[in-house]
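Heads up: the structure comes next, in structure tokens.
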Amino acid sequence: MSPEEFHALELLRRVPYGRVATSMRALPFLAVARHVVADGRVLLRMHAGDGCPRACGGSVVAYGADNCNSGEPTLWTVQFTGTAELVEPSTAELELFGPAPHFMDGEVFDPVYLRIEPQLVTVHTLAGSPVGESFGGSPARPCRHAL
């Protein structure tokens, strides 16, 4: 594992949520996901109801996370690109996720798990940003999704 990959995984461990990007019916699709890092790979927990996990399985996806709403003076964003596969996580991996939500978008939450083996990893930082503001300069709003 390269030093940049190791650094990106360490940053990812600091936040619980990110966004996975894939293509559905030849159109871009972005979905929120809960993640953990296990064995140098990114493991996602998503809701089966929106169809994204099925579209991601066996496909190349991008997964990104950041600390843009943290209020920290140095902001960072990481992106992992690689092939995603549908998996059944181990008991130890399930414990890393913690409890799943009961509902998502009014439906009973039906967890599906994807593992991404990173093939391309990028890290970007933005130093000197005013505390409490996001990259776009608007006030930060915390994400309230729970996956």
Aromatic contact, His35 with Tyr63 (centres under 6.0 Å)
yes
List the residues meeting salt bridge (charged side-chain N to carboxylate O under 4.0 Å, His left out) with Glu4, not counting sequence neighbours, and say none if there are none.
none
Under 4.5 Å between side-chain heavy atoms, counting indirect links through other Ile/Leu/Val/Met/Phe/Trp/Tyr residues: same cluster for Val123 and Phe6 or not?
yes
More than 12 heavy atoms from other groups under 6.0 Å of CD on Glu88:
no
Whether the side chain of Ser59 engages the backbone of Val61 through a donor-acceptor N/O pair (distance < 3.5 Å, no angle test) should be reported.
no
Considering all heavy atoms, the nearest Ala62-Gln79 contact
CB-NE2, 3.9 Å
Taking C-beta and beyond as the side chain, do Thr125 and Leu75 meet within less than 4.5 Å on heavy atoms?
no
Residue list, side chain to side chain donor-acceptor pair (under 3.5 Å) with Glu107, at least two apart or on another chain
His47
Donor-acceptor under 3.5 Å (Asp39 side chain, Arg41 main chain)
no
Arg115 with Glu93: basic N within carboxylate O range, under 4.0 Å:
yes
Could you tell me which non-hydrogen atom of Pro118 sits nearest to which non-hydrogen atom of Gly40, and how far apart they are?
CD-O, 3.9 Å
By side chain to side chain donor-acceptor pair (under 3.5 Å), which residues pair with Arg14, not counting sequence neighbours?
none
Checking the side chain of Asn67 only, and the main-chain atoms of Trp76 only, is there a donor and an acceptor separated by less than 3.5 Å?
yes
Distance-minimising heavy-atom pair for Pro101 and Arg45
CD-NH2, 4.3 Å
Below 4.5 Å, heavy atoms only, C-beta onward: do Val78 and Glu5 meet side chain to side chain?
no
Report the distance from atom CG of Asp66 to atom CG of Leu12, rounding to the nearest 0.5 Å.
10.5 Å
Could you walk me through whether Val112 and Leu44 satisfy the side chain to side chain contact (heavy atoms under 4.5 Å, CB included) test, starting with their C-alpha distance in whole Å, then the side-chain angles of each, then the deciding distance to 0.1 Å, before giving a yes or no?
CA-CA 8 Å; Val112 176; Leu44 307 180; over 6 Å; no
Applying ring pair (Phe, Tyr, Trp, His ring centres under 6.0 Å), can you list everything that pairs with Phe80, at least two apart in sequence or on another chain?
none
Would you name the heavy atoms of Pro89 and Leu94 that are closest together and state the gap between them?
CG-CD2, 3.5 Å
For the OG1 atom of Thr83 and the CD atom of Glu117, what is their distance to the nearest 0.5 Å?
8.5 Å
Under 3.5 Å, side chain of Tyr113 to main-chain N/O of Met46, donor-acceptor pair present?
no
Among residues at least two apart in sequence or on other chains, which ones pass side chain to side chain donor-acceptor pair (under 3.5 Å) with Glu10?
Arg13
Report yes if some heavy atom in the side chain of Leu114 is under 4.5 Å from a heavy atom in the side chain of Leu86; otherwise report no.
yes
Please lay out, stage by stage, how Val20 and Leu30 fare under the test side chain to side chain contact (heavy atoms under 4.5 Å, CB included).
CA-CA 6 Å; Val20 64; Leu30 189 67; over 6 Å; no
With salt bridge (Lys or Arg N to Asp or Glu O under 4.0 Å) as the rule and sequence neighbours excluded, what pairs involving residues 55-65 come up?
none
